[in-house]
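Not measured: the values here are computed from a predicted model. Order of the sequence lines fixes the chain letters, A, B, ..., with proteins taken first and strands second; residue numbering starts at 1 for each chain.
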Amino acid sequence: MDIEFKLQEFVLKALKDLYEQEVDSKAIQIQKTRKDFEGDFTLVVFPLLRITKKPPEQTAEEIGNYLKDNIKQISNFNVIKGFLNLSIDKSFWISYLNNISGEENFGFVTSKKDPKTILIEYSSPNTNKPLHLGHIRNNLLGYAVANLLETQGDKVVKVNLVNDRGIHICKSMLAWQKWGENITPEGASKKGDHLVGDFYVKFDQEYKKEIQQLIDQGVAEDEAKQKAPLILEAQEMLRKWEANDPEVRELWRKMNDWVLDGFDVTYKNLGVDFDKVYFESDTYKLGKKLVLEGLEKDIFIKKEDGSVWADLSNEGLDQKILLRSDGTSVYMTQDLGTAQQRFNDFNADEAIYVVGNEQNYHFQVLKIVLDKLGFEWAEELHHLSYGMVELPEGKMKSREGTVVDADDLLAEMTNTAEEMSRELGKLEGYSEEERRRIIETIGLGALKYFILKVDPKKTMTFDPKESIDFNGNTGPFIQYTYARIQSLVRKAKDNGLEPSSKLNENLELSAKELHLIKLIYSYPEVLKEAAEAYSPAQVANYVYDMAKEFNQFYHDHPIVSEENKNLALLRLQLSGQVSKIIESGMGILGIHVPERM
RNA sequence: GGUCUCGUAGCUCAGUUGGAUAGAGCAACAGCCUUCUAAGCUGUGGGUCCCAGGUUCGAAUCCUGGCGGGAUCACCA
């Protein structure tokens, strides 16, 4: 029985019995009591004064008495100003602990009546250069949000849309053709995505030289950019690609495969995966038909030069191009088509796009246009608009070489974890294999937690120095807490203490113990709200609170050496439940927890 | 310039439908390991919640107007 729901029910009854008033349940504000006050739940009575027509203290007093008389779990109450603080009997909390002890996935919605199918697109890389820090935030968010939504009992399909065609791809290809001397990833002993990325950079360098030459010859800068031989060649290559030129297609396939192989390694190291991968080279023409149909129905307009536009001035926006004058598709066209295809492919109820907030306008338009086309699911299309990742010295600029490479960063985190554990003398006597595994778990955990603990919507600063700090509000701190509990459970077992679901309900609880149980109690609600907000950060912060609270409890509550066996059992059970939630919450974030560290 | 968004401790961040005295971590300083892992715990200092109005019993939170940062407004994606 949900105690909060029960409290609410009885407050409604109280208002009816005491004041003969029917009230909407929304007017009943029950929240957790702040820790500086005595009590577990607090009823805010201010909103009820209009009904009771009595001063706040008197109202609170009267309702408090009513609740205490009618709900056996309420052991006491106190009134401070307009706040009615209710204390729940200790036995309720202990029995709560007993009740959930056997639950497999505590906090998850396990059997939902009508589960939805939710698509989530994330990652969406370009195949012309390796992944960087920005992609890491995207990938971690996408993966974690997918997990988070699954906890609410829905079916989640993770999709990736690989941007594998376009002028930027041709730039890398052209540079390889000109200066690559047939080098391969094997020959260069380099991951394919990095090798291709090198040629993308090479193109840019040579292109700039050409522009400068033209400018020196007296050509205006804008014109120079358009007339430089290299860019003309790249554009020609793109035309050939679209015309299915065998040679270009072969080169394209070869280099794309290099990149994709490289991405697979990064994805694997990062621990993310997909249920379905779409390639833009397959989908870029989709949507044209939709646009033409829309044109026939006069939803869109055609200009004299043949280009097709959506007029969004009624929505407070301007006009948006949907088809070029030569009839080819733009980004928006493609996205209209892929949206429809996806919804059809999976018979989806909802789709979430994990894409940076620089594309807010694009998604705003996408939704409106789909709506104009009459798709009822347009409303169910959500843009998880996350903030950019910046460095302490400012934005990452690929041209200035300040981009943090994903693979480098992952390697660096592991190295730091290794150094740190050596300094602390932590993993002595472990097998090489186990040592390796723990170090990777910690390094990766530090990185993931560092990124995921920040509200997705906000621009965040990535300070490398801070990210490798393993103390305080960090992944390793939480992992450490988990490892400690596992160690504790092992030690307890050696001393004949096993977790029990039949705890004595008459025990007294310390403030810390009570607080921990209440934190456990709120886990289901935390998941629900985090899922609604698409915010793994809410789970991260909750798990941190839990770990912090546990460490305080652990510090001054003996367990194995506690002489009162009933109390020892309660503490052991409590610790075990905390570790389960840490494992569960971290698991949602895609972070593993070690049995020892 | 239009639209959107952010502004909380020196730094990085919490603070969810408006609730009680605004919280953590890092950094600084001072303590705690013959006792279940010190990657831990405890304490100290640190705030005009950008500013000014408004809404009301009550505003970091909602509204309006400023100031400051960011994004975006392409026949790029």
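You'll find that the side chain of A:Asp469 is closest to B:rC26, out of B:rA39, B:rC26, B:rG40. Among B:rA20, B:rA39, B:rA77, the nucleotide with an atom closest to any side-chain atom of A:Thr33 is B:rA20. Closest to the side chain of A:Asn85, from the set B:rA20, B:rG19, B:rC41, is B:rA20. Here B:rC36 is the nucleotide among B:rA24, B:rA39, B:rC36 with the atom lying nearest to any side-chain atom of A:Lys491. Of the candidate nucleotides B:rA77, B:rG19, B:rC4, B:rC4 has the atom lying nearest to any side-chain atom of A:Asn360. With B:rC73, B:rG25, B:rC36 as the candidates, the nucleotide lying closest to the side chain of A:Tyr554 is B:rC36.
A:Lys548 comes within contact range of the sugar-phosphate backbone alone, with a heavy-atom separation under 4.0 Å but no base atom that close. Counting any heavy atom pair closer than 4.0 Å across all strands shown, A:Val330 reaches sugar-phosphate atoms only and no base atom. Using a 4.0 Å heavy-atom criterion, one finds that A:Ile167 contacts no nucleic acid atom at all. Residue contacts shown for A:Ala492 are absent, as no nucleic acid heavy atom lies under 4.0 Å away. Across all strands, A:Ser385 comes closer than 4.0 Å to no nucleic acid atom at all (heavy-atom distances). In this structure, A:Phe477 reaches the sugar-phosphate backbone alone: every heavy-atom distance under 4.0 Å involves primed, P, OP1 or OP2 atoms, never a base. Residue contacts for A:Ser421: at a heavy-atom cut-off of 4.0 Å it reaches a base atom on one of the strands shown.
Comment: A:Arg239 engages A:Glu236 in a salt bridge, judged by a side-chain N to carboxylate O separation of less than 4.0 angstrom. No salt bridge links A:Asp40 with A:Lys32; every basic N to acidic carboxylate O contact stays at or beyond 4.0 Å. In summary, A:Glu57 and A:Lys81 do not engage in a salt bridge, as defined by a charged side-chain N under 4.0 Å from a carboxylate O.
Look at the C1' atom in both B:rU3 and B:rU44: the space between them is 48 Å, to the nearest Å. For B:rC76 and B:rU64, the C1' atoms lie 38 Å apart once the distance is rounded to whole Å. Taking the P atoms as reference points, B:rC11 lies 26 Å from B:rG53, given to the whole Å. Annotation: B:rG46 and B:rG68 have their C1' atoms spaced 24 Å apart (nearest Å). For B:rA24 and B:rG69, the C1' atoms lie 25 Å apart once the distance is rounded to whole Å. Between the P atoms of B:rU56 and B:rG66, the separation comes to 23 Å (whole Å). Distance check on atom C1': B:rC6 versus B:rG40 gives 36 Å, rounded to whole Å. To the nearest whole angstrom, the two C1' atoms, one in B:rG7 and one in B:rC51, are 11 Å apart.
In terms of heavy atoms, A:Phe300 sits closest to A:Leu290 at CE1-O, 4.3 Å. Of all heavy-atom pairs spanning A:Pro56 and A:Gly82, the tightest one is CB-CA, 3.9 Å.
One atom, OH of A:Tyr449, and another, C1' of B:rG25, lie 9 Å apart when rounded to the nearest Å. Put simply, NZ on A:Lys81 is 11 Å from C1' on B:rC57, counting in whole angstrom units. Across the protein-nucleic acid pair, A:Glu358 atom CD and B:rG69 atom C1' stand 17 Å apart, rounded to whole Å. In this structure, A:Asp311 places its CG atom 15 Å from C1' of B:rC73, rounding to the nearest Å. Taking atom CG of residue A:Asn357 and atom P of nucleotide B:rU5, one finds them 11 Å apart after rounding to whole Å. Separating the CD atom of A:Gln359 from the C1' atom of B:rA71 is a distance of 12 Å, rounded to the nearest angstrom. The nearest whole Å value for the distance from the CZ atom in A:Arg596 to the C1' atom in B:rG40 is 19 Å. Look at CD on A:Glu423: it is 14 Å from P on B:rG40, rounded to the nearest Å.
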Inset, instruction - Between protein and nucleotides 8-18 of chain B, map the contacts as a letter string: B base, S sugar-phosphate only, - none, heavy atoms under 4.0 Å, written 5' to 3'. - result: ----SSS-B--
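For B:rC33, the base is syn relative to its sugar; the glycosidic angle is within 90° of 0.
Contact of the A:Lys303 side chain with the A:Gln319 side chain is registered, since non-hydrogen atoms from C-beta on lie closer than 4.5 Å. A:Met597 is not listed as a side-chain neighbour of A:Lys426, based on a closest heavy-atom distance of 4.5 Å or more. Counting heavy atoms from C-beta outward, A:Asn126 and A:His168 have side chains that approach closer than 4.5 Å.
Within the 6.0 Å centre-distance limit, the rings of A:Phe550 and A:Phe553 are counted as a close aromatic pair. Residues A:Phe477 and A:Tyr544 bring their aromatic ring centres within 6.0 Å. Aromatic ring centroids of A:His362 and A:Tyr331 lie under 6.0 Å apart. The ring of A:Trp252 has its center no closer than 6.0 angstrom to the ring center of A:Phe279.
The ring pair (Phe, Tyr, Trp, His ring centres under 6.0 Å) test with A:Phe83 singles out one residue from A:Phe46, A:Phe41, A:Phe77, and that residue is A:Phe46.
Listed for the A:Thr328 side chain is no donor-acceptor partner under 3.5 Å among the backbone atoms of A:Arg324.
For the OP1/OP2 pair of B:rA38 and a distance below 4.0 Å, the side-chain nitrogens and oxygens of A:Arg484 include at least one atom meeting the criterion. Within the 4.0 Å cut-off from OP1 or OP2 of B:rU72, not a single side-chain nitrogen or oxygen of A:Tyr361 is found. Residue A:Arg34 has a polar side-chain atom (N or O) positioned under 4.0 Å from OP1 or OP2 of B:rG23. Regarding contacts with the backbone of B:rU42, a side-chain N or O of A:Gln552 is found under 4.0 angstrom from either OP1 or OP2. Between A:Arg50 and B:rC57, a side-chain N or O to OP1/OP2 separation shorter than 4.0 Å is absent.
When both pairing distances are held under 3.5 Å, B:rG65 makes a Watson-Crick or G-U pair with B:rC51. The base-pairing partner of B:rU72, taking Watson-Crick or G-U wobble contacts with both distances under 3.5 Å, is B:rG2.
Stacking of A:Phe83 onto the six-membered ring of B:rA20 is present: less than 5.5 angstrom between centres, less than 30° between planes. Judged by centroid separation below 5.5 Å and plane tilt below 30°, A:Phe37 stacks onto the base of B:rA20. By the 5.5 Å and 30° criteria, A:Phe46 is stacked with the base of B:rG19.
For a distance-only test at 3.5 Å, the side chain of A:Asn128 fails to qualify as a donor-acceptor partner of the base of B:rA77. On a pure distance criterion of 3.5 Å, no polar donor-acceptor pair joins the side chain of A:Thr481 and the base of B:rA39. On a pure distance criterion of 3.5 Å, a polar donor-acceptor pair joins the side chain of A:Lys426 and the base of B:rU37.
Between A:Met332 and A:Asp318, it is A:Asp318 whose nearest contact on RNA chain B lies nearer the 5' terminus. In terms of position on RNA chain B, the residue among A:Tyr480 and A:Leu323 whose nearest nucleotide sits closer to the 5' end is A:Tyr480.
Only A:His555, A:His557, A:Pro558, A:Ile559, A:Val560, listed by number, bring a heavy atom of residues 555-568 of chain A to less than 4.0 angstrom from any atom of RNA chain B.
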